[in-house]
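Chain identifiers are assigned alphabetically (A, B, ...) following the order of the sequence lines, protein sequences preceding nucleic acid strands; residue numbering begins at 1 within each chain.
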Protein chains: 2
Amino acid sequence: MSNNSRYISSLVAVDCLIFGFQDQTLKVLLIKRNLKPYQNEWSLMGGFLQNKESAEIAAARVLTELTGLTGVSMEQIKTFSKVYRDPTERTISIVYSSLIDINKFEAQLNHEYEAQWFTLKELPKLIFDHEDMVEEGRNFLRKKAALQPILFELLAEKFTIPQIQQLYEEVFEATFDKRNFRRKLLGSILLEKLDEKDKLSSKKGAFYYRLDKQTKHYNFSILLNLAYSSL
Amino acid sequence: MSNNSRYISSLVAVDCLIFGFQDQTLKVLLIKRNLKPYQNEWSLMGGFLQNKESAEIAAARVLTELTGLTGVSMEQIKTFSKVYRDPTERTISIVYSSLIDINKFEAQLNHEYEAQWFTLKELPKLIFDHEDMVEEGRNFLRKKAALQPILFELLAEKFTIPQIQQLYEEVFEATFDKRNFRRKLLGSILLEKLDEKDKLSSKKGAFYYRLDKQTKHYNFSILLNLAYSSL
DNA sequence: ACAAAAGTGTTGTGCATACACCCATGG
DNA sequence: CCATGGGTGTATGCACAACACTTTTGT
């Protein structure tokens, strides 16, 4: 099958849906476009596929460009291809998502871009179909989090149990019993309890934990039934 | 962001991963390419995105072209974009999957294409990265089937319980206790028992069932724990 | 002293699993 | 009459959900 005028040759973009967790809230990283058209409107950070680049590589490049972070794992969410999704030019966009520890990010932010974290409830209007992208990403996050302990990537190295619980409650838009949550969590994942306490959110203070070094073997049927209703 | 020589303008293809169920076996529909290069090699049925066409529309068009079927629901599986996946020309491909009742298909097959059903175990060598596509599709099918009663789309309007069980066993590559399976199934989905029996696979015969008309409210935590291990 | 969040155990129930025998029929 | 696959019921254990009180400490 060779090139033929009936077939379009389309620009292919990648867009990065970057989730972080801050102030007990799940957030997405958006940038304000600094070029026309749609100047000053908010969007996901994206970029076009370059010549000798797979979409995975392109997505990683875009992420690094914005945040300075490398080696972050990214997952393909979905490809968007509506004909007029970008009114100025026919493009299709492959969306990738990543979860980052928001503090690492702050350190390395590229200030060429005007980037800002938004909670999912206070999302501004986004260009094109980027709001659909966020929605898809959110569903993806739920399914994934129900099956694998990925959400830890959103937390700093040290974290408290109440923090994790808040994160899960955010993602699933639900509230869980703290006794049951703690039991399930500790029963599924090897966590190392530290002596240090986080006293920011209570007077008593909550012990920090960190992921046990050799934690590769989690027993993660955990939280699955939470998932039932939300999937 | 306007066109720029660093950015490639790539051909965008869709490939259709069509699953069917026949002789107690899960099968995929492949075609033998009738043009060079790679003439006479097997591949998924695909086509290029046309000018005013979204990928969803293109995938539906391709499916119809091959099978004559319309209105079949299709799901986007994943987009493949390795640089040299198609050695002759840079293309990216968006894979869609559908489940069809193999009998409906037989009736309407377009014989311009040399199409053939293959079991997953006897898959021939496929062009490009099409084998990866099949693999992705299979994973997708498992996850989806664990949460939703989609597999019914593979069956004819009337089906027996043992038939469904075989189908699920195929998809999950596992065997289930028939008493438990039946109980869970009937407890989750409204099935209407018919008076008629299928005597093809046993002397006693197995009663036919069909999906209850207003079956929109299934209670499908069913089979989820089968999923645990396979997801 | 009191407010605010952290931390802790027990009990009941429903669900999944495991398991063995009878039934209907065609050859 | 027998071989083949279809169909049925029960007992056990486990994992989840529900639930209330004590601890710590900053103000």
Side-chain angles (χ1 to χ4, degrees), chain A residues 23-25 146-147 155 158-170 172 174-189 191-210 218-231, chain B residues 23-25 146-147 155 158-170 172 174-189 191-210 218-231:
Chain A
D23 304 332
Q24 339 284 39
T25 329
L147 298 167
L155 298 167
K158 299 182 302 186
F159 44 79
T160 67
I161 309 268
Q163 271 171 24
I164 307 179
Q165 180 168 353
Q166 278 146 5
L167 173 53
Y168 272 86
E169 291 182 343
E170 270 280 314
F172 288 103
T175 60
F176 309 135
D177 182 280
K178 60 182 174 173
R179 288 164 288 195
N180 295 335
F181 186 89
R182 177 182 292 261
R183 180 177 27 247
K184 279 206 275 187
L185 188 67
L186 294 173
S188 331
I189 304 191
L191 294 181
E192 183 184 357
K193 187 177 188 175
L194 308 181
D195 290 330
E196 210 181 341
K197 276 186 164 184
D198 167 35
K199 297 212 163 182
L200 292 175
S201 62
S202 80
K203 324 206 160 169
K204 181 176 178 183
F207 280 106
Y208 279 116
Y209 288 76
R210 74 171 158 224
Y218 359 70
N219 162 22
F220 223 74
S221 59
I222 189 193
L223 296 181
L224 235 184
N225 21 339
L226 306 174
Y228 286 12
S229 49
S230 335
L231 295 179
Chain B
D23 304 332
Q24 339 283 38
T25 328
L147 299 168
L155 298 167
K158 299 184 301 185
F159 45 81
T160 68
I161 310 269
Q163 273 171 23
I164 307 180
Q165 181 167 353
Q166 278 147 6
L167 173 54
Y168 272 87
E169 291 182 342
E170 269 280 316
F172 287 103
T175 61
F176 309 136
D177 181 281
K178 61 181 174 174
R179 288 163 290 195
N180 295 336
F181 186 89
R182 177 181 290 262
R183 179 176 31 243
K184 280 207 273 187
L185 188 66
L186 295 174
S188 329
I189 304 191
L191 294 181
E192 184 184 358
K193 187 179 188 173
L194 308 182
D195 289 331
E196 208 181 345
K197 276 188 163 184
D198 167 36
K199 298 212 162 182
L200 292 175
S201 62
S202 81
K203 326 206 159 168
K204 179 176 179 182
F207 280 106
Y208 279 117
Y209 288 77
R210 74 171 158 225
Y218 359 70
N219 162 23
F220 223 73
S221 60
I222 190 194
L223 296 180
L224 234 185
N225 20 339
L226 306 175
Y228 286 12
S229 49
S230 334
L231 296 179

Min side-chain heavy-atom separation B/Tyr209-B/Leu155 under 4.5 Å
no

Could you run through nucleotides 9-14 of chain C and give me one letter per nucleotide, 5' to 3': B if any protein heavy atom sits under 4.0 Å from the base, S if only the sugar-phosphate is that close, - if neither?
BB----

A/Lys204 to A/Lys199 - nearest heavy-atom pair and separation:
O-CE, 4.0 Å

Rounded to the nearest angstrom, tell me the gap between atom CG in A/Asp198 and atom P in C/dA6.
9 Å

Which residue lies toward the 5' end of DNA chain D, B/Pro162 or A/Lys204, if each is placed at its nearest nucleotide?
B/Pro162

Does A/Gln165 reach the main-chain N or O of A/Arg182 with its side chain, forming a donor-acceptor pair under 3.5 Å?
no

Using whole Å, what does the distance between atom C1' of nucleotide C/dT25 and atom CG of B/Leu200 come to?
14 Å

D/dG6 C1' sits how many Å from B/Tyr208 OH, rounded?
14 Å

Partner residues of A/Lys197 under the side-chain hydrogen bond (donor to acceptor under 3.5 Å, both in side chains) criterion, sequence neighbours left out
none

Can you tell me how far P of D/dT23 sits from NZ of A/Lys197, to the nearest Å?
13 Å

Nucleotide D/dA18, atom C1' - distance to NZ of A/Lys184 in whole Å
13 Å

For B/Ser202 and for A/Gln166, locate the closest nucleotide of DNA chain C by heavy-atom distance; then report the residue assigned to the nucleotide nearer the 5' terminus.
A/Gln166

Between the side chain of A/Asp198 and the main-chain N/O of A/Leu200, is any donor-acceptor distance below 3.5 Å?
yes

N or O in side chain of B/Lys199 less than 4.0 angstrom from D/dG6 OP1/OP2
no

In whole angstrom, give the distance that lies between atom CZ of B/Phe181 and atom P of C/dA16.
13 Å

Could you say whether A/Lys203 or A/Lys178 is positioned toward the 5' end of DNA chain D, judged by the nucleotide with the nearest heavy atom to each?
A/Lys178

Touch check for A/Ser201, heavy atoms < 4.0 angstrom, all strands: base, sugar-phosphate only, or nothing?
sugar-phosphate

Rounded to the nearest angstrom, tell me the gap between atom CZ in A/Arg182 and atom C1' in D/dT23.
13 Å

Out of curiosity, B/Leu167 CG to B/Phe172 CZ, how far, rounded to the nearest 0.5 Å?
9.5 Å

Between atom CD1 in B/Ile161 and atom P in D/dG5, what is the gap in whole Å?
18 Å

How long is the straight-line distance from CD1 of A/Ile164 back to CG of A/Leu185, given to the nearest 0.5 Å?
4.5 Å

